[in-house]
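Letters A, B, ... are given to chains in the order of the sequence lines, protein chains preceding strands, and every chain is numbered from 1. Heavy-atom basis, side chains included; hydrogens, waters and symmetry copies ignored.
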Amino acid sequence: MTRYDASEIEGKWQRVWEQRGTFRATADRSRPKYYVLEMFPYPSGKIHMGHVRNYTQGDVVARYKRARGFNVLHPMGWDAFGMPAENAAIERGVHPARWTYDNIANMRRQLERMGFSYDWSREIATCHPEYYRHEQAMFLDFLEADLVDRRESWVNWDPVDNTVLANEQVIDGKGWRSGAAVERRKLTQWFFRITLFADELLDELARLERWPERVRHMQENWIGRSEGALVRFALLGRADRLEVFTTRPDTLFGASFCAVAIDHPLVAERAGSDAVLARFVEECRRLGTTEEAVETAEKLGHDTGLRAIHPFDGRELPVYAANFVLMEYGAGAIFGCPAHDQRDLEFARKYGLSVLPVVAPAGVAAPEVVVGAEAFTGDGRLINSDFLDGLAVPEAKRAMAQRLESIGAGERKVTYRLRDWGVSRQRYWGCPIPVIHCSGCGVVPVPRDQLPVRLPDDVTFDAPGNPLDRHPTWQHVVCPRCRAPARRETDTFDTFVESSWYFARFCSPRASAPIERDAAAYWLPVDQYLGGIEHAILHLLYSRFFTRALSRTGHLGALAEPFAGLFTQGMVLHETYLDSNGQLLFPEQVARRDDGRLVHATTGAPVTAGAVEKMSKSKRNVVDPEDIIAAFGADTARWFMLSDSPPERDLEWTAAGADGVRRFLNRLWRLVDEAPAASGAAGAANDGVLAIRRATHRTIAAFTADLEGFHFNRAVARLYELVNTLTGMESEGPAAIAAYREGLETLVRLIAPICPHLAEELWQRLGHDRLLVETPWPEADPALVAETDVTIAVQVNGKLRATLTVPKGLAKAAAEKAALDDPAVARAIGDKPVRRVIVVPDRIVNVVV
RNA sequence: GCGGGCGUGGCGGAACUGGCAGACGCACCAGAUUUAGGUUCUGGCGCCGCAAGGCUUGGGAGUUCGAGUCUCCCCGCCCGCACCA
């Protein structure tokens, strides 16, 4: 008898795979490719259970597809630029590069111990000059292709990290990383012109069939396309005109005022001579745009004194500066139609402006239309609107847009919520933006033969702000064009730039070109991408933009989308623990007594279990994957991650569950260890043999279908079922032994993607010389999968009264007779006449009395 | 407010196109063998009931021979977006 020792066999097989280069991928046009990718980690120092779950799912897919004969690319790397490295430098005096590379080394070791089938020869770290030099080259190409813009604009400033943030990185008015309330500043910044692709990014979402609908909706909302019209109002006594955007040009005759954002140029102009207006603007700025402020704030306005002339009826409309109008959206100005917009209505009531209904709901005659507390935003017919009267809303929109265009007072216009992607960051640990500022020549790209622009190593972190700004020499260069003294750009890229193209670099990670077109053409798109929902907008949208920009600049061939399939996994949760003082405890500080009570592991004081929450340091409910591997082995951790909870849902890690998995893996070990030797005597195929073989082949079919459909928890359940079926069957005679061994071998082959080390070991112990990882996936025999008998339900008036086992395909009449002959059915029918019998072959008979 | 998702035993969850609700696992209970190593094996386990039987998928109505699944209303929870004109 032998024992299952995870640590021994896991190391053993990892070394074998490594020596054989089993997971090295090479492009091979004669074989179908499969590119499976998990979102690469930030090298924070240690992997966490969320990584373990994500990467286990990806590894199951990779190993399964490899067994199915695909040429699989499954790479791993490091999203290595970012603030934590600088914080480590500030707090501990360790250089960001040193900190990062040490973390990478440790995390790589941890991932290796999990037995993930990565092609480590393709490993990349985005902080390496051999990676970011290509990013700089791409940027220069984007610059030439007019995909980049440099302009002054209002930006989100994170006062803790001392840097600008993209709109996507501001969550509820706070920095996504620091949590600090974001301020508004006006700065000159580099932008990637993602809005050029707004329509395409939106339209192509519909074709991403293997993406979660949730993610597609989130991107759709983020891009926020709205169709409407620009209206230009003449301003009384002025030559310039006021441009407003509206999605309801049909309601123009109901306009009773115009309103502009407090940041609007007209306000700035008027505030110069109007102290009250200036004070009003100041107050609005102070209120800010945080969630609570927005929710509770009244609609406030201040008359600028300007008068807009209605383009059709010539009325003079007051122009207000208003706190609910956003400079960032549309034209930064609106016309207010109080009868048909709730905000405008509140505003009009407050300032005593007229309210004229111009849309009548269906069935209401024009004179009866009254506006109460609610604006009417539904469909209807136009009234009080001159040439629009009688038209339905959609027609009126079209008619008004046409009329505006014909008189030159406006035009159809589509606007987006999506903004251009501001990529300048005032930080050290990022990719330098490869341009030079010359007082004579302006912005000059760094010549390509001078790439990469390397980060200087000798920087200090003893003062706030960007260390590159303080560096004594780095930024002082000569202008490549006029040779005059010039200044290097000291901003670095948003770290989301690196992760926007790493999937393409993996196709040719050591190539001298940023992306080798042939390699990319073979491997891309990523067939299956796996990661967290938190990247639903940021990373996934940026990558979709980059793919288009790279196609346009010739780095990639025609490639519509980077990720053909996307899977977003749930989080890993754990119970929280509180001692009697209400202090949080770590799981390892808590012990469970025999009676089930929780106590402090050292003091024995009572402990209560709190909510089950996402693992986080602040909740102290974390378990370290390294401890889990040491205590249980990688295979147990991998199995646990896939069992019970569907992969897209949250999963609670429990010690009891891990124990349960270990017990099961031990049981598998024993089954193989104690399996009777194959006798060679092939005996008659009796019922027992057939039952084993059917169970085996049905498991192959069902398990395979479950893996294909990402139903890992169901797949795992099938394996338990097969084990339950096989248990004890080895004693059924020589013929059964052969079938039993077939069942065991199948089991071992099926578990291989989940717990590959144990599977490889058991496969060898079953007498195979060929590595399991090089053995094709088992095929189910259709003859054994097909059912011969089926169990059908018999209902009387919809209530189950009996089940019958009948030959598959039994004719309706025969099934009906069998059902009516059943004593339990007869009892339920009693002496009532049978009115009707519904027979669904192979499923059910329902007797209606 | 808008958009999306979800609600099934003590728990995680199964249930393909409407057709045996509760697969499988955890926890628990009973028994057996006993284990140096996190034992192993057998059986039970939605609720009520001694039983026959009845009830049961958040609540209510509807469609249907038949509803966890479809439709409508309500309740609760989660996620995303939000003065977006």
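Among the protein residues, A:Thr803 comes within range of the nucleic acid bases, having at least one heavy atom under 4.0 Å from a base atom. If you check every strand for non-hydrogen atoms under 4.0 Å, A:Arg835 touches nothing. Nucleic acid contact for A:Thr654: none, since no nucleic acid atom lies under 4.0 Å from a heavy atom of the residue. Across all strands, A:Val325 comes closer than 4.0 Å to base atoms (heavy-atom distances). Using a 4.0 Å heavy-atom distance criterion, A:Glu721 is classed as a sugar-phosphate-only contact. A:Phe245 comes within contact range of at least one nucleobase, with a heavy-atom separation under 4.0 Å. Residue A:Asn713 is classed as a sugar-phosphate contact, given heavy-atom separations below 4.0 Å to backbone atoms only. Residue-level contact check: A:Val848 touches the backbone only, with heavy atoms under 4.0 Å from sugar-phosphate atoms and none from bases.
Taking the side chain of A:Trp222 as heavy atoms from C-beta on, and the options B:rA82, B:rG80, B:rG25, the nearest nucleotide is B:rA82. Listed candidates were B:rC83, B:rG19, B:rA14. Nearest to the side chain of A:Gln795 is B:rG19. Checked against B:rG80, B:rC84, B:rC24, the side chain of A:Asn724 finds its nearest nucleotide in B:rC24. Proximity note for A:Ala793 (side chain, C-beta onward) versus B:rA14, B:rA85, B:rC20: the nearest is B:rC20. Distances from the side chain of A:His217 to the nucleotides B:rG3, B:rU17, B:rG12 place B:rG3 closest.
Rounded to an integer number of Å, the gap from A:Glu652 CD to B:rG13 C1' is 13 Å. Remark: C1' of B:rC83 and CZ of A:Arg417 are 13 Å apart, rounded to the nearest angstrom. Counting to the nearest Å, the P atom of B:rC78 and the CZ atom of A:Arg214 are 14 Å from each other. The distance between atom CD of A:Glu575 and atom P of B:rG12, rounded to the nearest whole Å, is 12 Å. With rounding to whole Å, A:Arg225 atom CZ is found 20 Å from B:rA82 atom P. Rounded to a whole Å, the CD atom of A:Gln219 is 17 Å from the P atom of B:rG4. Taking atom CD1 of A:Ile537 as the reference point, atom P of B:rC79 lies 15 Å away to the nearest angstrom. Between the CG atom of A:Leu642 and the P atom of B:rG25 there is a distance of 17 Å, given to the nearest Å.
Ring centroids of A:Phe257 and A:Tyr351 are separated by 6.0 Å or more, keeping the two rings apart. Taking the six-membered ring where the residue is Trp, the centroids of A:Trp639 and A:Phe664 are separated by under 6.0 Å. Aromatic pair A:Phe253/A:His310: ring centres closer than 6.0 Å.
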Do any N or O atoms of the protein come closer than 3.5 Å to N or O atoms of nucleotides 48-54 of chain B, and which pairs are they?
{"from": "B:rG53", "atom 1": "OP1", "to": "A:Arg827", "atom 2": "NH1", "distance (Å)": "3.4"}
{"from": "B:rG54", "atom 1": "OP1", "to": "A:Arg801", "atom 2": "NH2", "distance (Å)": "3.3"}

What does the list of N/O pairs under 3.5 Å between the protein and nucleotides 38-44 of chain B look like, with a distance for each?
{"from": "B:rG38", "atom 1": "O6", "to": "A:Arg3", "atom 2": "NH2", "distance (Å)": "3.2"}
{"from": "B:rU40", "atom 1": "O3'", "to": "A:Arg670", "atom 2": "NH2", "distance (Å)": "3.4"}

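Between A:Leu651 and A:Ala717, the one whose closest nucleotide on RNA chain B sits nearer the 5' end is A:Leu651. Nearest-nucleotide mapping onto RNA chain B: of A:Gly657 and A:Glu213, the residue sitting toward the 5' end is A:Glu213.
In this structure, a donor-acceptor pair under 3.5 Å is absent between the side chains of A:Thr576 and A:Asn621. Side-chain polar atoms of A:Ser7 and A:Asp5 form a donor-acceptor pair below 3.5 angstrom.
Pair check for B:rG3 finds B:rC79; Watson-Crick or G-U wobble, both atom distances under 3.5 Å. When both distances must be under 3.5 Å, the Watson-Crick or G-U wobble mate of B:rC28 is B:rG44. Summarising the base pairing, B:rG18 is matched to no nucleotide, lacking a Watson-Crick or G-U wobble pair whose two defining distances lie under 3.5 Å. Summarising the base pairing, B:rC72 is matched to B:rG60 through a Watson-Crick or G-U wobble pair whose two defining distances lie under 3.5 Å.
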| request: Decide side chain to side chain donor-acceptor pair (under 3.5 Å) for A:Asp789 and A:Thr805; before the verdict, give the C-alpha distance in whole Å, the side-chain angles of both, and the deciding distance to 0.1 Å. | output: CA-CA 6 Å; A:Asp789 290 329; A:Thr805 301; over 6 Å; no
| request: Evaluate the criterion side chain to side chain donor-acceptor pair (under 3.5 Å) for residue pair A:Ser226 and A:Arg417; output intermediate values, then yes/no. | output: CA-CA 8 Å; A:Ser226 50; A:Arg417 214 186 78 104; over 6 Å; no
| request: With side chain to side chain donor-acceptor pair (under 3.5 Å) as the test, would you mind laying out the steps for A:Gln219 and A:Arg544 before giving the verdict? | output: CA-CA 11 Å; A:Gln219 293 212 356; A:Arg544 296 183 62 222; 2.8 Å; yes
| Under the ring pair (Phe, Tyr, Trp, His ring centres under 6.0 Å) criterion, do A:Phe347 and A:Tyr320 qualify, and how do the steps go? | CA-CA 10 Å; A:Phe347 193 82; A:Tyr320 283 79; 5.2 Å; yes
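The aromatic rings of A:Phe245 and A:Tyr329 sit perpendicular, their planes meeting at an angle over 60°, well past the 30° parallel limit.
At a cut-off of 3.5 angstrom, the base of B:rU64 holds no donor-acceptor pair with the side chain of A:Arg836. For A:Asn221 against B:rC81, a side-chain-to-base donor-acceptor contact under 3.5 Å is absent.
Spacing between B:rC65 and B:rC29 at atom C1', rounded to whole Å, works out to 41 Å. As rounded to the nearest Å, B:rU42 and B:rA51 have P atoms that lie 27 Å from one another. When the C1' atom is used for both B:rU17 and B:rG13, the distance is 22 Å, rounded to whole Å. B:rA23 and B:rG68 are spaced 15 Å apart, taking the C1' atom of each and rounding to whole Å. Straight-line distance between the P atoms of B:rG25 and B:rC41: roughly 12 Å, to the nearest whole Å. B:rA14 and B:rG46 are spaced 14 Å apart, taking the C1' atom of each and rounding to whole Å. As rounded to the nearest Å, B:rG60 and B:rU56 have P atoms that lie 9 Å from one another. Taking the C1' atom of each, B:rU39 and B:rC45 are spaced 23 Å apart, rounded to whole Å.
Heavy atoms from other residues, nucleotides or ligands lying under 6.0 Å from CD of A:Glu209 number 12 at most.
For B:rA85, the OP1/OP2 oxygens have a side-chain nitrogen or oxygen of A:Tyr329 closer than 4.0 Å. At least one side-chain nitrogen or oxygen of A:Arg343 sits closer than 4.0 Å to the OP1 or OP2 atom of B:rC84. Contact check, A:Arg718 against B:rA14: no side-chain N or O comes under 4.0 Å of OP1 or OP2.
Residues A:Asp341 and A:Arg248 are not paired through a salt bridge, judged by the lack of any N-O separation under 4.0 Å between the basic side chain and the carboxylate.
By the 6.0 Å and 45° rule, A:Arg3 does not stack over the aromatic ring of A:Trp669.
Taking the syn range as angles within 90° of 0, the glycosidic angle of B:rG66 is outside it, so the base is anti.
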